[in-house]
Amino acid sequence: MPELPEVEVVRRGLERWTTGRTVAAAEVLHPRSVRRHEAGPADFAGRLAGRTLLGPRRRGKYLWIPLDGEEEAVLAHLGMSGQLLVGEPDRDREKHLRVRAGFADGGLDLRFVDQRTFGHLMVADLVPDTFDKAALVPEPIAHIAADPLEDAFDAEVFFRALRRRKTGIKRALLDQSLISGVGNIYADEALWRARLHWARPTETMTRAEAARVLEAAQEVMSAALAVGGTSFDSLYVNVNGESGYFERSLDAYGRRDEPCRRCGAAIRRDEFMNRSSYSCPVCQPRPRRARY
DNA sequence: CCCCGACCCTGCCCGC
DNA sequence: TGCGGGCAGGGTCGGG
């Protein structure tokens, strides 16, 4: 799902509704949702009981809530269908409720709802950040790159890493160790804006082309964030269950056979990594030497 | 090491 | 209606 803007919408909701509150008890209703917490579901729940949640942080598509003491954090990834929701504790249980935390103040509870269970939660140690020495990041994601909306993001480092790769630009944009936060929608949107084909080989990209696609990614994700993210359906919502409005602003993603908003040509859909890539056949011509 | 494809899940929508 | 196939915004892992 959720790419950077949608995860940031969730982070802002948590900041408002859970910061400073103390967990009374947590329960894990589906063990797969905490599969990366190696000590198991009971340990996960036990580590939350009695802990106070500090201000939530985000890098790329990962979200974490530092716990009092700032030595560890609840790390969350929403996968394709994960939601973090706050609401009245006595409301009905959602069909795909996986983890629930109730608070000592008896107020709104926090729920992790995830239809497809590709998302996960874990409690992880915080370690110093490689990019921003003053900051802490959860150890399991210390290896992922900064995201393009962070001050710590280094465009020159990104460009040099791109040139060392032998792959297509879209695959590189989706590689969280090169640049984090970009997923299938915003990769297509950034490439459309930058007029680059998804199979453009990274090793021959110019500094100007790399700057163009990077700037496009920053612009499109900022614009999406400003209107609450992209929602096609009820799976992608903020912590209060509300949808964003960016879908109406998409130029490429999901627009197969619809006219390109620049040149009028019919947007094409290609198979890519068992998924889809949308692009304009005129504005984004296939490179002679394509890489997938 | 790098790169790529297979795989993990559930539900919805479409065509037959 | 019922059913099978395709598709969905994620990451991980193992083979080449």
Side-chain angles (χ1 to χ4, degrees), chain A residues 1-10 29-38 58-63 75-84 94-98 112-122 124 138 140-141 143-145 147 161-192 198-199 201-203 217 220-221 224-225 228-238 243-256 269-278 290-292:
Chain A
M1 122 80 188
E3 305 182 33
L4 188 158
E6 294 75 34
V7 178
E8 176 61 15
V9 167
V10 172
L29 295 115
H30 196 315
R32 184 172 151 80
S33 294
V34 295
R35 63 194 176 281
R36 297 197 61 200
H37 186 87
E38 290 185 13
R58 182 192 54 74
R59 165 164 285 165
K61 303 169 199 169
Y62 284 91
L63 179 64
L75 176 62
H77 193 291
L78 302 178
M80 294 282 264
S81 56
Q83 304 173 313
L84 284 165
E94 294 80 357
K95 182 173 182 189
H96 301 293
L97 178 63
R98 309 304 189 192
F112 181 62
V113 175
D114 187 12
Q115 177 197 111
R116 294 174 70 185
T117 68
F118 285 1
H120 64 91
L121 303 182
M122 68 189 297
I141 64 163
H143 68 287
I144 77 169
D147 69 57
L162 262 191
R163 296 275 307 203
R164 284 195 298 269
R165 287 299 176 98
K166 290 191 186 320
T167 190
I169 180 61
K170 181 165 175 182
R171 204 176 264 277
L173 288 175
L174 297 179
D175 184 337
Q176 306 297 300
S177 67
L178 285 179
I179 177 172
S180 67
V182 181
N184 206 33
I185 291 181
Y186 297 113
D188 280 2
E189 294 301 305
L191 290 168
W192 182 86
W198 54 269
T202 50
E203 71 266 36
V220 72
M221 291 198 294
L225 181 54
T230 299
S231 306
F232 297 123
D233 56 46
S234 60
L235 277 184
Y236 303 101
V237 295
N238 66 17
S243 297
Y245 291 97
F246 197 67
E247 191 218 343
R248 63 188 66 171
S249 308
L250 296 176
D251 290 311
Y253 187 85
R255 299 194 64 240
R256 181 179 197 167
R269 173 191 178 275
D270 297 317
E271 270 189 39
F272 170 79
M273 291 171 79
N274 275 337
R275 302 155 83 179
S276 301
S277 246
Y278 298 90
R291 277 195 182 277
Y292 309 98

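Chain naming here is simple, since letters A, B, ... match the order of the sequence lines and numbering starts at 1 in each. In this text the structure is predicted, and so the values were computed from the model without any measurement.
Consecutive Watson-Crick or G-U pairing (both distances under 3.5 Å) extending over three or more pairs maps onto DNA chain B as B:2-8 with C:10-16, B:10-16 with C:2-8.
When each of C/dA8, B/dC4, C/dG9 is scored by its nearest atom to the side-chain atoms of A/Tyr278, the top-ranked nucleotide is C/dA8. Of all nucleotides listed (B/dC3, B/dG11, B/dG5), B/dC3 comes nearest to the side chain of A/Arg165. Ranking C/dA8, C/dT12, B/dA6 by closeness to the A/Arg36 side chain, first place goes to C/dT12. For A/Arg269, the listed nucleotide lying nearest its side chain is C/dA8; candidates were C/dG11, C/dA8, B/dC8. Closest to the A/Met80 side chain, of the nucleotides C/dG9, B/dT10, C/dT12, is C/dG9. For A/Arg116, the listed nucleotide lying nearest its side chain is B/dT10; candidates were C/dG9, B/dC4, B/dT10. When each of B/dT10, B/dC9, C/dA8 is scored by its nearest atom to the side-chain atoms of A/Tyr253, the top-ranked nucleotide is C/dA8.
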Are A/Leu225 and A/Met221 close enough, and set up right, to give a side-chain contact (heavy atoms from CB on, under 4.5 Å), and what steps lead you there? CA-CA 6 Å; A/Leu225 181 54; A/Met221 291 198 294; over 6 Å; no
Assess whether side-chain contact (heavy atoms from CB on, under 4.5 Å) is satisfied between A/Arg291 and A/Thr202, documenting all intermediate values. CA-CA 8 Å; A/Arg291 277 195 182 277; A/Thr202 50; 5.7 Å; no
Might you work through the side-chain contact (heavy atoms from CB on, under 4.5 Å) test for A/Leu78 and A/Gln83, ending with a clear yes or no? CA-CA 6 Å; A/Leu78 302 178; A/Gln83 304 173 313; over 6 Å; no
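The distance from atom CG of A/Asn274 to atom P of B/dC7 is 9 Å, rounded to the nearest whole Å. Residue A/Glu94 contributes atom CD, which lies 17 Å from atom C1' of B/dG11 at whole-angstrom precision. Atom CG in A/Asp175 sits roughly 11 Å away from atom P in B/dC4 (whole-Å rounding). If you measure from atom CE of A/Met273 to atom P of C/dC7, you get 16 Å, rounded to the nearest angstrom. As rounded to whole Å, 15 Å separates atom C1' of B/dC1 from atom CG of A/Leu178. Summarising the geometry, the separation between NE2 on A/His143 and C1' on C/dC13 is reported as 13 Å, rounded to the nearest angstrom. Regarding A/Gln115, its CD atom lies at a distance of 7 Å from the P atom of B/dC12, rounded to whole Å. Rounded to whole Å, the distance from CD on A/Glu271 to C1' on C/dA8 is 14 Å.
A/Tyr62 and A/Ser180 share no side-chain donor-acceptor pair at under 3.5 Å.
Within the 4.0 angstrom heavy-atom criterion, no nucleotide atom of any strand lies near A/Phe246. Across all strands shown, A/His96 has heavy atoms under 4.0 Å from sugar-phosphate atoms exclusively, and none from any base. If you check every strand for non-hydrogen atoms under 4.0 Å, A/Tyr292 touches sugar and phosphate atoms only.
Look at the P atom in both C/dG5 and B/dC7: the space between them is 16 Å, to the nearest Å. With both ends at atom P, the span from C/dG6 to B/dA6 equals 14 Å, rounded to whole Å. If you take atom P in C/dG14 and the same atom in B/dC9, they sit 15 Å apart, rounded to whole Å. Comparing the same atom, P, in B/dG11 and in C/dG11 gives a spacing of 22 Å after rounding to whole Å.
Distance check: A/Trp192 CH2 to A/Leu250 CG gives 11.0 Å after rounding to the nearest 0.5 Å.
Between A/Lys95 and B/dT10 there is no side-chain N or O to OP1 or OP2 distance below 4.0 Å. Residue A/Ser81 places none of its side-chain N or O atoms closer than 4.0 Å to OP1 or OP2 of C/dA8. Between B/dC2 and A/Lys166, no contact under 4.0 Å exists linking OP1 or OP2 to a side-chain N or O. The shortest distance between the side-chain N/O atoms of A/Ser276 and the OP1/OP2 oxygens of C/dC7 is not below 4.0 Å. For A/His30 and B/dC9, the shortest distance from a side-chain N or O to OP1 or OP2 is not below 4.0 Å. Close to C/dG11, at under 4.0 Å from its OP1 or OP2, lies a side-chain N or O of A/Gln176. For A/Arg171, a side-chain nitrogen or oxygen approaches OP1 or OP2 of B/dC4 to under 4.0 Å.
Taking the side chain as every heavy atom from C-beta outward, A/Thr117 and A/His96 never approach each other to under 4.5 Å.
Ring pair A/His77/A/His120 is parallel by interplanar angle, where below 30° counts as parallel and above 60° as perpendicular. In this pair, A/Trp198 and A/Tyr292 present their aromatic rings tilted. The plane angle is within the 30 to 60° band.
Stacking between A/Phe118 and the base of B/dC9 is absent under the criterion of ring centres within 5.5 Å and planes under 30 degrees.
The shortest non-hydrogen separation linking A/Ala145 to A/Arg59 is O-CD, 3.6 Å.
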